[in-house]
Amino acid sequence: MTAVVPESVDTGGDFDELARRVDEAVTALAELDPTSRAVAEEVKAAVEAVHRAGLVTIVRRLREDPATRAVLYELVDEPVVHLLLSIHGIVRPDPVTHANRVLAAVRPQLHSHGGDVTLVRVDDGTAYVRLEGACNGCSMSSVTLRNMVEGALIEGVPSIAAVEVLPNEPTPTLIPVESLMTGRVERDPSADGWARVGPAAEVADGVLTRAQLNTVQGAVDVIIVSIDHRLAAYRNECAHQGLPLDNAILDVDAGTLTCPWHGFSYDATSGECLSAPGAQLEQLPLRVDRGDLWVRVQT
(Lines give C-alpha, C1' and ligand atoms only; values in the text may rest on other atoms or scores of the structure.)
Protein backbone atom coordinates (compact mmCIF):
# COMPACT_ATOMS: atom_id res chain seq x y z
CA MET A 1 0.00 0.00 0.00
CA THR A 2 1.31 3.43 -0.89
CA ALA A 3 1.19 5.92 1.94
CA VAL A 4 -0.44 9.26 1.19
CA VAL A 5 1.80 12.15 2.19
CA PRO A 6 0.19 15.60 2.52
CA GLU A 7 1.63 18.34 0.30
CA SER A 8 2.02 20.68 3.25
CA VAL A 9 1.87 20.37 7.02
CA ASP A 10 -0.27 22.87 8.87
CA THR A 11 1.05 23.48 12.37
CA GLY A 12 -2.10 25.34 13.38
CA GLY A 13 -5.67 24.18 13.76
CA ASP A 14 -7.81 23.64 16.80
CA PHE A 15 -7.49 20.69 19.14
CA ASP A 16 -10.34 18.69 17.61
CA GLU A 17 -8.88 19.04 14.12
CA LEU A 18 -5.42 17.98 15.31
CA ALA A 19 -6.93 15.01 17.13
CA ARG A 20 -8.80 14.02 13.95
CA ARG A 21 -5.58 14.08 11.94
CA VAL A 22 -3.84 11.91 14.52
CA ASP A 23 -6.71 9.39 14.48
CA GLU A 24 -6.60 9.21 10.68
CA ALA A 25 -2.84 8.69 10.70
CA VAL A 26 -3.09 5.90 13.29
CA THR A 27 -5.80 4.21 11.22
CA ALA A 28 -3.66 4.42 8.08
CA LEU A 29 -0.68 3.06 10.00
CA ALA A 30 -2.60 -0.05 11.01
CA GLU A 31 -3.36 -0.77 7.32
CA LEU A 32 0.30 -0.91 6.25
CA ASP A 33 2.07 -4.19 5.62
CA PRO A 34 4.16 -5.47 8.58
CA THR A 35 7.51 -4.23 7.21
CA SER A 36 6.23 -0.76 6.38
CA ARG A 37 4.39 -0.56 9.69
CA ALA A 38 7.56 -1.45 11.63
CA VAL A 39 9.47 1.32 9.84
CA ALA A 40 6.68 3.81 10.47
CA GLU A 41 6.51 2.84 14.14
CA GLU A 42 10.25 3.38 14.49
CA VAL A 43 9.98 6.81 12.85
CA LYS A 44 7.14 7.68 15.22
CA ALA A 45 9.12 6.54 18.27
CA ALA A 46 12.18 8.50 17.16
CA VAL A 47 10.19 11.68 16.56
CA GLU A 48 8.47 11.34 19.93
CA ALA A 49 11.87 10.90 21.60
CA VAL A 50 13.10 14.11 19.96
CA HIS A 51 9.95 15.93 21.04
CA ARG A 52 10.29 14.68 24.63
CA ALA A 53 13.94 15.72 24.82
CA GLY A 54 13.05 19.19 23.58
CA LEU A 55 10.08 19.54 25.95
CA VAL A 56 12.15 18.39 28.93
CA THR A 57 14.75 21.06 28.12
CA ILE A 58 12.10 23.76 27.76
CA VAL A 59 10.38 22.81 31.02
CA ARG A 60 13.68 22.59 32.91
CA ARG A 61 14.83 26.03 31.72
CA LEU A 62 11.48 27.67 32.49
CA ARG A 63 11.37 26.07 35.93
CA GLU A 64 14.92 27.10 36.87
CA ASP A 65 14.37 30.82 36.17
CA PRO A 66 12.09 32.53 38.73
CA ALA A 67 11.09 35.04 36.04
CA THR A 68 9.62 32.31 33.82
CA ARG A 69 8.45 29.80 36.41
CA ALA A 70 5.02 31.42 36.71
CA VAL A 71 4.60 31.26 32.93
CA LEU A 72 5.42 27.55 33.02
CA TYR A 73 2.75 26.91 35.66
CA GLU A 74 0.18 28.82 33.60
CA LEU A 75 1.06 26.78 30.52
CA VAL A 76 0.74 23.49 32.42
CA ASP A 77 -2.82 24.49 33.34
CA GLU A 78 -3.73 24.74 29.64
CA PRO A 79 -5.53 21.47 28.72
CA VAL A 80 -3.66 20.88 25.45
CA VAL A 81 -0.25 21.65 26.96
CA HIS A 82 -1.04 19.49 29.99
CA LEU A 83 -2.07 16.62 27.72
CA LEU A 84 1.13 16.93 25.66
CA LEU A 85 3.35 16.94 28.75
CA SER A 86 1.40 14.03 30.23
CA ILE A 87 1.82 11.96 27.05
CA HIS A 88 5.59 12.34 27.34
CA GLY A 89 5.59 11.61 31.08
CA ILE A 90 6.88 15.08 31.98
CA VAL A 91 3.98 15.87 34.32
CA ARG A 92 2.05 13.33 36.31
CA PRO A 93 -1.51 13.49 37.61
CA ASP A 94 -2.00 14.76 41.13
CA PRO A 95 -2.41 12.02 43.78
CA VAL A 96 -6.21 12.37 43.96
CA THR A 97 -6.67 12.07 40.19
CA HIS A 98 -4.17 9.19 40.04
CA ALA A 99 -5.86 7.39 42.95
CA ASN A 100 -9.31 7.76 41.40
CA ARG A 101 -8.03 6.21 38.18
CA VAL A 102 -6.59 3.26 40.13
CA LEU A 103 -9.86 2.78 42.03
CA ALA A 104 -11.83 2.92 38.77
CA ALA A 105 -9.87 -0.15 37.65
CA VAL A 106 -10.78 -2.21 40.73
CA ARG A 107 -14.33 -0.87 41.15
CA PRO A 108 -15.94 -3.40 38.75
CA GLN A 109 -14.61 -6.26 40.87
CA LEU A 110 -15.91 -4.57 44.03
CA HIS A 111 -19.31 -4.11 42.39
CA SER A 112 -19.41 -7.79 41.46
CA HIS A 113 -19.22 -8.58 45.19
CA GLY A 114 -21.78 -5.94 46.16
CA GLY A 115 -19.25 -3.40 47.41
CA ASP A 116 -17.85 0.00 46.50
CA VAL A 117 -15.23 2.52 47.55
CA THR A 118 -15.05 6.32 47.66
CA LEU A 119 -11.83 8.29 47.86
CA VAL A 120 -12.29 11.12 50.37
CA ARG A 121 -8.88 12.78 50.26
CA VAL A 122 -5.12 12.23 50.11
CA ASP A 123 -2.99 13.86 52.82
CA ASP A 124 0.74 13.42 53.45
CA GLY A 125 0.95 10.13 51.59
CA THR A 126 -2.18 8.63 53.18
CA ALA A 127 -5.33 7.93 51.17
CA TYR A 128 -8.56 8.21 53.18
CA VAL A 129 -11.39 6.10 51.78
CA ARG A 130 -14.90 5.00 52.67
CA LEU A 131 -16.01 1.45 51.92
CA GLU A 132 -19.59 0.50 51.21
CA GLY A 133 -21.65 -2.66 50.95
CA ALA A 134 -19.75 -5.93 51.12
CA CYS A 135 -16.44 -4.06 51.54
CA ASN A 136 -17.54 -2.61 54.86
CA GLY A 137 -17.74 -5.58 57.20
CA CYS A 138 -15.86 -8.15 59.22
CA SER A 139 -16.21 -11.26 57.05
CA MET A 140 -13.30 -12.81 55.19
CA SER A 141 -14.70 -11.57 51.87
CA SER A 142 -14.90 -7.98 53.14
CA VAL A 143 -11.32 -8.19 54.41
CA THR A 144 -10.23 -9.43 50.99
CA LEU A 145 -11.96 -6.50 49.28
CA ARG A 146 -10.45 -4.01 51.73
CA ASN A 147 -7.00 -5.48 51.07
CA MET A 148 -7.67 -5.20 47.33
CA VAL A 149 -8.38 -1.47 47.64
CA GLU A 150 -5.35 -0.89 49.87
CA GLY A 151 -3.02 -2.89 47.63
CA ALA A 152 -4.22 -1.18 44.46
CA LEU A 153 -3.65 2.31 45.90
CA ILE A 154 -0.24 1.63 47.44
CA GLU A 155 1.05 -0.26 44.41
CA GLY A 156 -0.58 1.95 41.79
CA VAL A 157 0.09 5.43 43.22
CA PRO A 158 3.74 6.08 44.13
CA SER A 159 2.86 9.04 46.38
CA ILE A 160 0.52 6.93 48.55
CA ALA A 161 2.17 4.92 51.32
CA ALA A 162 -0.83 4.11 53.51
CA VAL A 163 -4.61 3.75 53.31
CA GLU A 164 -7.01 4.63 56.12
CA VAL A 165 -10.65 3.54 56.06
CA LEU A 166 -13.02 6.17 57.42
CA PRO A 167 -16.32 5.29 59.13
CA ASN A 168 -19.44 5.62 57.01
CA GLU A 169 -21.04 8.28 59.19
CA PRO A 170 -21.59 11.07 56.63
CA THR A 171 -24.46 10.71 54.20
CA PRO A 172 -23.03 9.75 50.80
CA THR A 173 -22.96 12.51 48.20
CA LEU A 174 -24.10 10.12 45.47
CA ILE A 175 -27.22 8.03 46.05
CA PRO A 176 -29.55 5.90 43.93
CA VAL A 177 -33.02 7.44 43.73
CA GLU A 178 -34.66 4.03 43.72
CA SER A 179 -33.11 3.18 47.09
CA LEU A 180 -34.11 6.37 48.87
CA MET A 181 -35.65 5.62 52.24
CA THR A 182 -38.01 7.79 54.21
CA GLY A 183 -36.38 8.81 57.46
CA ARG A 184 -37.01 11.13 60.35
CA VAL A 185 -35.08 14.29 61.10
CA GLU A 186 -34.81 14.61 64.84
CA ARG A 187 -34.16 18.36 64.74
CA ASP A 188 -34.23 21.26 62.32
CA PRO A 189 -31.91 20.10 59.49
CA SER A 190 -31.04 23.68 58.56
CA ALA A 191 -29.15 23.90 61.84
CA ASP A 192 -26.57 21.56 60.33
CA GLY A 193 -26.45 23.35 57.00
CA TRP A 194 -29.05 21.25 55.17
CA ALA A 195 -31.36 23.04 52.71
CA ARG A 196 -34.47 21.61 51.07
CA VAL A 197 -34.39 21.25 47.28
CA GLY A 198 -37.88 19.77 46.81
CA PRO A 199 -39.53 16.39 46.23
CA ALA A 200 -36.92 13.84 45.16
CA ALA A 201 -39.38 12.26 42.73
CA GLU A 202 -39.50 15.53 40.75
CA VAL A 203 -35.79 15.47 39.92
CA ALA A 204 -35.85 14.32 36.29
CA ASP A 205 -33.35 11.70 35.18
CA GLY A 206 -30.82 12.50 32.47
CA VAL A 207 -31.02 16.27 32.90
CA LEU A 208 -29.31 19.03 34.83
CA THR A 209 -31.45 20.75 37.47
CA ARG A 210 -30.63 24.13 38.96
CA ALA A 211 -31.82 25.03 42.45
CA GLN A 212 -31.40 28.16 44.53
CA LEU A 213 -31.31 27.22 48.19
CA ASN A 214 -31.98 29.50 51.13
CA THR A 215 -29.46 29.06 53.93
CA VAL A 216 -28.40 30.98 57.02
CA GLN A 217 -25.53 32.26 54.90
CA GLY A 218 -27.87 33.50 52.17
CA ALA A 219 -28.97 32.13 48.81
CA VAL A 220 -26.75 29.41 47.33
CA ASP A 221 -26.95 28.24 43.72
CA VAL A 222 -26.52 24.49 43.19
CA ILE A 223 -26.96 22.05 40.31
CA ILE A 224 -28.33 18.51 40.64
CA VAL A 225 -27.12 15.88 38.17
CA SER A 226 -29.14 12.69 37.65
CA ILE A 227 -27.69 9.84 35.59
CA ASP A 228 -29.37 6.43 35.67
CA HIS A 229 -31.32 7.66 38.70
CA ARG A 230 -28.15 8.40 40.64
CA LEU A 231 -27.80 11.91 42.00
CA ALA A 232 -24.90 14.26 42.58
CA ALA A 233 -25.04 17.88 43.76
CA TYR A 234 -22.50 20.63 43.10
CA ARG A 235 -22.18 24.34 43.67
CA ASN A 236 -23.18 26.10 40.46
CA GLU A 237 -19.62 27.18 39.71
CA CYS A 238 -17.10 25.90 37.17
CA ALA A 239 -13.73 25.11 38.77
CA HIS A 240 -12.02 27.04 35.97
CA GLN A 241 -13.26 30.61 36.46
CA GLY A 242 -16.25 30.19 38.76
CA LEU A 243 -18.79 30.77 35.98
CA PRO A 244 -22.26 29.16 36.33
CA LEU A 245 -22.78 25.61 35.10
CA ASP A 246 -26.58 25.44 34.92
CA ASN A 247 -26.38 25.61 31.09
CA ALA A 248 -23.68 22.96 30.93
CA ILE A 249 -23.95 20.07 28.48
CA LEU A 250 -24.80 16.80 30.24
CA ASP A 251 -23.77 13.75 28.19
CA VAL A 252 -25.57 10.85 29.85
CA ASP A 253 -23.85 8.17 27.74
CA ALA A 254 -20.35 9.48 28.45
CA GLY A 255 -21.19 10.53 32.00
CA THR A 256 -19.70 13.98 31.48
CA LEU A 257 -20.63 17.56 32.23
CA THR A 258 -19.15 20.20 29.91
CA CYS A 259 -18.94 23.88 30.85
CA PRO A 260 -20.62 26.08 28.19
CA TRP A 261 -18.10 28.91 28.65
CA HIS A 262 -14.67 27.41 27.97
CA GLY A 263 -15.40 23.74 27.34
CA PHE A 264 -13.97 22.31 30.55
CA SER A 265 -15.30 18.76 30.95
CA TYR A 266 -16.06 17.02 34.25
CA ASP A 267 -16.99 13.54 35.40
CA ALA A 268 -20.68 14.12 36.14
CA THR A 269 -20.77 11.73 39.11
CA SER A 270 -17.54 12.71 40.88
CA GLY A 271 -16.89 16.29 39.75
CA GLU A 272 -13.33 15.44 38.65
CA CYS A 273 -12.15 17.69 35.83
CA LEU A 274 -11.21 15.66 32.76
CA SER A 275 -9.77 18.64 30.86
CA ALA A 276 -7.37 19.83 33.55
CA PRO A 277 -6.59 17.08 36.06
CA GLY A 278 -6.40 18.44 39.57
CA ALA A 279 -9.43 20.72 39.21
CA GLN A 280 -12.63 19.62 40.90
CA LEU A 281 -16.22 20.76 41.21
CA GLU A 282 -17.37 21.31 44.80
CA GLN A 283 -19.59 18.31 45.45
CA LEU A 284 -22.22 18.62 48.17
CA PRO A 285 -23.76 15.89 50.38
CA LEU A 286 -27.31 14.70 49.62
CA ARG A 287 -29.98 13.17 51.80
CA VAL A 288 -33.72 12.41 51.60
CA ASP A 289 -36.23 12.90 54.39
CA ARG A 290 -39.86 11.85 53.91
CA GLY A 291 -39.55 12.09 50.13
CA ASP A 292 -37.84 15.50 50.07
CA LEU A 293 -34.34 15.99 48.68
CA TRP A 294 -31.96 17.96 50.88
CA VAL A 295 -28.48 19.28 50.09
CA ARG A 296 -25.92 20.27 52.68
CA VAL A 297 -24.38 23.60 51.72
CA GLN A 298 -22.61 24.36 54.99
CA THR A 299 -20.02 22.09 56.53
Side-chain angles (χ1 to χ4, degrees), residues 12-24 26 73-87 91-105 107-108 118-119 172-177 197-198 200 202-213 219-286 293 295 297:
D14 60 23
F15 182 73
D16 289 339
E17 173 63 16
L18 294 175
R20 182 191 63 78
R21 289 171 56 188
V22 170
D23 289 341
E24 291 179 353
V26 171
Y73 293 155
E74 290 180 5
L75 286 173
V76 173
D77 285 337
E78 290 291 330
V80 176
V81 177
H82 195 284
L83 175 62
L84 179 62
L85 297 179
S86 298
I87 289 174
V91 297
R92 295 178 176 83
D94 64 282
V96 172
T97 300
H98 197 172
N100 275 318
R101 290 177 181 173
V102 169
L103 292 178
R107 188 165 279 115
T118 299
L119 177 68
T173 57
L174 185 64
I175 54 178
V177 172
V197 177
E202 293 183 5
V203 178
D205 190 44
V207 300
L208 189 66
T209 302
R210 177 193 174 196
Q212 189 172 70
L213 307 180
V220 177
D221 256 4
V222 303
I223 54 174
I224 311 295
V225 178
S226 178
I227 297 181
D228 292 333
H229 300 289
R230 294 178 68 84
L231 303 176
Y234 306 99
R235 285 190 183 268
N236 189 16
E237 298 176 356
C238 179
H240 178 217
Q241 291 186 353
L243 295 171
L245 282 173
D246 49 278
N247 288 324
I249 301 170
L250 177 61
D251 187 328
V252 175
D253 294 332
T256 58
L257 190 67
T258 303
C259 175
W261 303 98
H262 299 101
F264 275 59
S265 181
Y266 299 89
D267 184 309
T269 58
S270 70
E272 175 191 353
C273 185
L274 307 176
S275 303
Q280 184 88 15
L281 296 179
E282 183 179 349
Q283 192 172 37
L284 304 170
L286 296 173
L293 177 63
V295 171
V297 293

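All figures in this text were calculated on a predicted structure; none of them were measured in a lab.
- Side-chain N or O atoms of Asp251 include one that pairs as donor or acceptor with a backbone N or O of Asp253 at under 3.5 Å.
- Nearest heavy-atom pair, Leu284 versus Tyr234, reported as atom, atom and distance to 0.1 Å: CD1-C, 4.0 Å.
- Panel note: side chain Gln283, backbone Thr269; a donor-acceptor pair is recorded below 3.5 Å.
- Here the straight-line distance linking atom CG of Leu103 with atom NE2 of His98 works out to 10.5 Å at 0.5 Å rounding.
- Note that CG of Leu243 and CZ of Phe264 are 11.0 Å apart. Values are rounded to the nearest 0.5 Å.
- Taking Glu237 as the reference, nothing meets the side chain to side chain donor-acceptor pair (under 3.5 Å) condition, with sequence neighbours excluded.
- Side chain of Tyr266 to main chain of Ala239: a donor-acceptor pair is present (N/O by atom type, distance under 3.5 Å, no hydrogens or angles).
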Please step through side chain to side chain contact (heavy atoms under 4.5 Å, CB included) for the pair Leu245 and Leu281, ending with a clear verdict. CA-CA 10 Å; Leu245 282 173; Leu281 296 179; 3.5 Å; yes
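- No donor-acceptor pair closer than 3.5 Å links the side chain of Trp261 to the backbone N or O of Gly242.
- A heavy-atom distance below 4.5 Å is found between the side chains of Arg235 and Val220.
- When all heavy atoms of Ser265 and Thr256 are compared, the pair lying nearest together is OG-CB, 3.8 Å.
- Under a 4.0 Å N-O distance rule, the pair Asp221/Arg210 qualifies as a salt bridge.
- Using a 4.5 Å heavy-atom threshold, the side chains of Ile249 and Leu208 count as separate.
- Between Ile223 and Asp246, the closest heavy-atom pair is CG2-CA, 4.0 Å.
- Taking CG from Asp267 and CG from Leu257, the interatomic distance works out to 9.5 Å, rounded to the nearest 0.5 Å.
- Residues Val96 and Leu119 come closest through the heavy atom pair O-CD2, 3.7 Å.
- In the model, Ser226 has a side-chain atom that pairs as donor or acceptor with a side-chain atom of Asp205 under 3.5 Å.
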Chi angles and distances behind the side chain to side chain contact (heavy atoms under 4.5 Å, CB included) call for Val197, Leu213: CA-CA 7 Å; Val197 177; Leu213 307 180; 3.9 Å; yes
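- Taking 4.5 Å as the limit, every side-chain heavy atom of Val225 sits out of range of all side-chain heavy atoms of Leu231.
- Shown are Pro260, Cys259, Pro244; of these, the side chain to side chain contact (heavy atoms under 4.5 Å, CB included) with Cys238 is made only by Cys259.
- Using a 4.5 Å heavy-atom threshold, the side chains of Ile227 and Leu250 count as touching.
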